[in-house]
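Structure first, commentary second.
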Amino acid sequence: MPELPEVEVIARQIREAYLGKCLRRVIARPVRMYQNIAPEEFARQLSHGCLKQVERYGKWMYWQVDALYPVFHLGMSGIFLKRKEDSRHPEHIHLEFYFDDGSQLFFQDTRKFGKIYLYRQPPQWHQLGVDPTKENFTLNKFKELLHLKGVRIKSLLMDQQVIAGIGNIYASEILFRAGISPFRSAKKIDDREAERLYHAIHTVLREAIERFGTTYRAYRTVDGTTGSNQQFLKVYHREGEPCPVCGTPIRKAMIDNRSTFYCERCQR
DNA sequence: TCTGACCTGCGA
DNA sequence: TCGCAGGTCAGA
């Protein structure tokens, strides 16, 4: 579910609403998502700490709570929800944060594919490639990355060890925006195409963040509202609809077992 | 490079 | 009832 733009929106909203607040209580339900700590221990260690930092890298988010660093991956259906006083307790809440000013923040993950860690220092992201919103994602760096592996360009864009943050929706949208076929070999992308792709990555991700993310199904902002970027998707999940540029019906194919949407006329 | 596993819910 | 869904990982 949440790709870079959705996680960015969630991180910004958590920062805005909770930064500086202190935890009164944390409740962690026993689910498989905890990778390096037991849920009850996670809750015990974070209780009474104060939220000092909220950061995102790729599809990952981490907080600083005093000297501890909880790290979250939202999987396919993970979201953070601001609890409203009078609202019913939603289903599939695995983690509850109660702050000392009375505000509450819940982690909900219907499919339980999310991952949670607790560290004593900020995560270093050794396993992750460059985050395309950070300054070190330069055009030259991107051109280098294209030659790293002999795979199709869509697979490369989605490879978290190469570029961290692009998932299945935005990979299709970026390739459409750049006019490049998802089946092309990454190594055979020439300089002019690389430039188009580089700009498409920035534009597509930036616009998605500005629109509070893409709500295809489960994703909600921390306020519980949907994003609006789904209204602006050009190809994702639009199989059979006319291409917004040339009118040719959008096609669907499988790449790495993931649905891939493209215009065979505009994307070469 | 592909398949299945991990989960639950939705829509055809 | 079946296929599919924004992700990742292990194993063949």
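Only this structure's heavy atoms are used, side chains among them; waters, hydrogens and symmetry mates stay out. All chains are named by letter (A, B, ...) in the order of the sequence lines, taking the proteins before the strands, and each is independently numbered beginning at 1.
Ring centers of A/F176 and A/Y262: at least 6.0 Å apart, outside the cut-off.
Considering only the side chain of A/F113, C/dG7 comes nearest among B/dT1, C/dG7, B/dT8. Of the candidate nucleotides C/dA5, B/dC7, C/dT8, C/dA5 has the atom lying nearest to any side-chain atom of A/S259. The side chain of A/V151 approaches B/dT1 more closely than any other nucleotide in the set B/dT1, C/dG7, B/dC7. For A/Y236, taking side-chain heavy atoms from C-beta onward, the closest of the listed nucleotides C/dA5, C/dT8, B/dC7 is C/dA5. In the set C/dG7, B/dC2, B/dC6, C/dG7 carries the atom at the smallest distance from any side-chain atom of A/E3.
If you measure from atom NZ of A/K115 to atom P of C/dG7, you get 12 Å, rounded to the nearest angstrom. The CZ atom of A/R258 sits 15 Å away from the C1' atom of B/dT1 (whole-angstrom rounding). Regarding A/R111, its CZ atom lies at a distance of 6 Å from the C1' atom of B/dC7, rounded to whole Å. For A/I166 and C/dG7, the CD1 to C1' distance is 15 Å, given to the nearest whole Å.
Cation-pi geometry between A/R120 and A/Y69 is not met: the NZ or CZ atom fails to fall both under 6.0 Å from the ring centre and inside 45° of the normal. For the pair A/K134 and A/F137, the NZ or CZ position fails the cation-pi test of under 6.0 Å to the six-membered ring centre and within 45 degrees of the ring normal.
When heavy atoms are screened at a 4.0 angstrom cut-off, A/N257 is found touching base atoms of the nucleic acid.
A salt bridge is defined here as a Lys NZ or Arg NE, NH1 or NH2 lying under 4.0 Å from an Asp or Glu carboxylate O, and A/K21 with A/D100 fails to meet this definition.
Nucleotides C/dC4 and B/dG4 place their P atoms 12 Å apart, quoted to the nearest Å.
The aromatic rings of A/F80 and A/F72 stand perpendicular to each other, their planes meeting at an angle above 60°, with 30° marking the opposite boundary.
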- [ ] Give the dot-bracket string for DNA chain C, reading 5' to 3', where a pair is Watson-Crick or G-U wobble with both distances under 3.5 Å, ( ) marks pairs inside the strand, [ ] marks pairs crossing earlier ones, | marks a partner on another strand, and . marks unpaired.
- [x] |||||.||||||
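Every residue meeting the side chain to side chain donor-acceptor pair (under 3.5 Å) condition with A/K82, not counting sequence neighbours, appears here in chain and number order: A/D223.
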